[in-house]
Amino acid sequence: MSRVGIFGAGWVGLVTGACFAELGHDVVVRDVVAEKVGALEAGRIPIHEPGLPELIEKNRERLGFTADAAEAAQDAEFLYVCVGTPSTYSGDADLSAVWSVLDDLPPLDGRPILVMKSTVPVGTGDKVRAALDARELDHVGYVANPEFLAEGTAVRDFMNADRVVIGAYEPEDGDRVEALHETLGAPVVRSDVASAEMIKLAANAFLATRISFINEIANVCELVGADVEEVARGVGLDHRLGPHFLRAGIGFGGSCFPKDASALKQLASNSGYHFQLLSAVIEVNELQKRRVIAKLQKHLGKLRDKRIALLGLSFKPNTDDMREAPSIVLASRLLAEGAEVRGWDPVASPGELMKGVAICESVLEAVRDADAAVIVTEWDELRDLPSPEVRDAMRNPLIVDGRNLLDPEVVEQLGFAYEGIGRVSSPFSGLPETPEPEQKPA
Ligand code: UGA
């Protein structure tokens with residue numbers, strides 16, 4: 001079994017560390033934020049990730065936390081870089097946290113391997129390799145081993161990986177990283193470092209492309225009277241296409257797709273190539289978030305002083321992550337239209353991100369006297385939204401289902417007006433019928 005130092009106690013670092021400990025390795029996770037380390041030592045997990053607290057607790061013996069880089073690096077055979085690489089103003093990836101890890105490395109003996117788990121632009125390996133050499137760490141190996149963990153299912157994604165991608169300069173370093181994952185029994189893809197870096201960016205860009213594609217199909221479905229759910233099912237059964245990432249909705253968010261799509265677009269353009277398809281994927285996603293406003297206006301007219309409940313605020317269910325959540329864009333657009341906005345989420349606390357939005361403790365509180373309820377994130381708790389209790393609590397029983405979570409027929413039978421994405425919407429708005437004005441005789 002190996003000794004693994006993990007740099008960064010965010011989503012990727014914590015899940016990777018806990019899973020390596022579960023595989024039997026000795027792990028020390030280091031973070032620069034001392035309070036986070038203190039909380040982890042005390043058994044408090046700073047993120048909402050199903051299965052992670054149990055895994056950390058179960059493997060406490062083999063899993064330590066520290067703020068000290070030297071402690072994490074001590075005797076480590078693998079130094080995993082799991083720090084954030086957010087977007088800069090130019091849309092490129094900000095690698096400053098990666099460089100800080102290098103700055104913090106103590107003198108190292110033997111041949112530890114620096115393993116890049118963070119998502120980085122192609123070419124980063126070459127730069128890090130050169131930086132290691134310049135710091136008299138030329139005896140330290142370098143391997144790109146990107147992560148494919150989705151929030152909410154990250155532990156499962158690690159333990160049942162579709163593949164492990166390993167890009168190495170020295171084949172022996174790649175062999176050692178491969179051996180570290182041996183017990184997973186996952187297919188292993190060996191490549192050069194640049195290709196491993198590109199596999200990660202291309203995978204995320206392709207998934208984002210599928211989402212924007214199905215969202216555009218949904219928008220056309222609305223115009224021609226087709227149902228995108230049926231279309232996606234029919235398309236996804238083609239084994240060449242597959243059923244995944246064909247859920248139409250109000251667009252993708254999160255800490256990965258928006259940032260990585262932009263980073264790949266910038267990487268291409270910095271290299272002299274205009275990545276047209278990816279530019280369209282990003283633009284379609286931006287517009288998709290805003291389509292809800294038009295749907296509300298269609299039923300309610302001007303939104304000034306209308307009370308709108310946003311249900312589900314995190315970027316997707318089973319996480320408290322608010323990064324790039326479509327709810328943020330929606331809330332600020334609604335506030336700009338003069339609407340009164342209420343929000344509810346079972347775990348996320350949006351804080352300043354949703355300034356001006358009244359955050360409610362329960363769905364019922366959020367929908368009380370509302371003119372419309374918008375399902376922004378498909379939390380399981382919202383499957384029961386169409387109920388007589390909710391209908392009676394609302395001023396106007398209109399549900400805008402931004403994730404096609406509900407069955408339109410059931411919703412309408414319960415007396416709600418329904419508007420989904422890429423589906424035929426209710427011909428009525430939920431508002432009480434206003435009598436036709438009497439025609440004056442000519
Ligand atoms: C994504 C990838 O799925 C992971 O493989 C990758 O490792 C990770 O990014 C990363 O680069 O770290 P994540 O952002 O956690 O994971 O979440 P996803 O489940 O991929 O969802 C991303 C967004 O797409 C969400 O807003 C979700 O609502 C949206 N989505 C997803 C759709 O709108 N439609 C779909 O069919 C699927």
Side-chain angles (χ1 to χ4, degrees), residues 7-13 31-33 36 47 69 80-105 114-132 134-135 142 144-149 151 167 193-194 196-209 211-212 251-287 289 315 321-329 332 350-353:
F7 290 80
W11 242 283
V12 174
D31 201 280
V32 285
V33 182
K36 198 191 256 188
I47 53 171
Y80 261 86
V81 181
C82 299
V83 294
T85 52
S87 291
T88 61
Y89 283 115
S90 58
D92 297 272
D94 177 357
L95 296 180
S96 52
V98 172
W99 299 122
S100 297
V101 171
L102 257 74
D103 289 342
D104 294 347
L105 285 180
L114 192 79
V115 191
M116 187 59 69
K117 187 68 96 184
S118 302
T119 303
V120 292
V122 181
T124 302
D126 287 357
K127 290 181 187 156
V128 175
R129 180 67 272 166
L132 287 169
R135 285 162 210 226
Y142 182 88
N145 173 218
E147 55 90 8
F148 300 97
L149 312 173
E151 288 178 22
V193 171
E197 292 167 342
M198 184 56 110
I199 288 170
K200 167 63 196 227
L201 293 175
N204 271 6
F206 199 2
L207 291 168
T209 302
I211 300 171
S212 278
F252 58 78
S255 63
C256 305
F257 287 174
K259 153 182 95 74
D260 293 347
S262 157
L264 180 53
K265 181 184 154 180
Q266 295 313 332
L267 176 77
S269 99
N270 297 342
S271 316
Y273 184 73
H274 176 42
F275 201 147
Q276 290 190 62
L277 179 60
L278 202 48
S279 302
V281 165
I282 295 166
E283 193 184 359
V284 167
N285 196 53
E286 280 315 309
L287 297 174
K289 296 181 210 168
F315 84 94
D321 199 340
M322 287 293 299
R323 284 176 287 181
E324 301 288 333
S327 62
I328 304 171
V329 173
S332 62
E352 281 297 293
L353 284 173

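For this chain, numbers begin at 1 and follow the sequence in order. These numbers come from a predicted model, not from an experiment.
The distance from the CD1 atom of Ile282 to the CG atom of Leu277 is 10.0 Å, given to the nearest 0.5 Å. The NE2 atom of His274 lies 4.5 Å from the OG atom of Ser279; values are rounded to the nearest 0.5 Å. Distance check: Asn204 CG to Thr209 OG1 gives 10.0 Å after rounding to the nearest 0.5 Å. Once rounded to the nearest 0.5 Å, the distance linking OG1 of Thr124 with CG of Leu95 reads 5.0 Å. From Leu114, atom CG reaches atom OH of Tyr142 across 6.5 Å, with rounding to the nearest 0.5 Å. Atom OG of Ser262 is separated from atom CD of Glu324 by 9.5 Å, given to the nearest 0.5 angstrom.
Residues meeting the side-chain contact (heavy atoms from CB on, under 4.5 Å) test with Tyr273, sequence neighbours left out: Ala268, Phe275. With sequence neighbours left out, the side-chain contact (heavy atoms from CB on, under 4.5 Å) criterion links Asn285 to Ser212, Phe252, Lys289.
When all heavy atoms are compared, the tightest approach of Ser255 to Arg323 is CB-CZ, 3.3 Å. Contact record, Ala196 with Ala144: CB-CB, 3.9 Å, taken as the closest heavy-atom pair. Shortest non-hydrogen contact noted between Glu197 and Val122 is OE1-CA, 3.2 Å. A pairwise comparison of heavy atoms in Met322 and Ser327 identifies CE-OG, 3.7 Å as the closest pair. Across all their heavy atoms, Val193 and Gly125 have their closest contact at CG1-CA, 3.9 Å. Among all heavy-atom pairs drawn from Ala205 and Leu264, the shortest one is CB-CD2, 3.7 Å.
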TODO: Take Asp260 and Lys200, measure what side-chain contact (heavy atoms from CB on, under 4.5 Å) needs, and give me the verdict at the end.
DONE: CA-CA 9 Å; Asp260 293 347; Lys200 167 63 196 227; 4.1 Å; yes
Task: Stepwise side-chain contact (heavy atoms from CB on, under 4.5 Å) test for Glu147 and Tyr80 - done: CA-CA 11 Å; Glu147 55 90 8; Tyr80 261 86; over 6 Å; no
Task: Thr119 vs Lys259, side-chain contact (heavy atoms from CB on, under 4.5 Å): CA-CA, chis, key distance, verdict - done: CA-CA 10 Å; Thr119 303; Lys259 153 182 95 74; 4.1 Å; yes
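Using a 4.5 Å cut-off on side-chain heavy atoms (C-beta onward), Pro121 and Thr85 make no contact. Looking only at side-chain heavy atoms (C-beta outward), Leu207 and Phe257 come within less than 4.5 Å of each other.
Partner of Phe7 under the side chain to side chain contact (heavy atoms under 4.5 Å, CB included) criterion, out of Asp104, Leu102, Leu105: Leu105 alone.
No donor-acceptor pair under 3.5 Å is formed between the side chain of Asp92 and the backbone N or O of Thr88.
In Glu283, the CD atom is not crowded: 12 or fewer heavy atoms of neighbouring residues, nucleotides or ligands sit closer than 6.0 Å.
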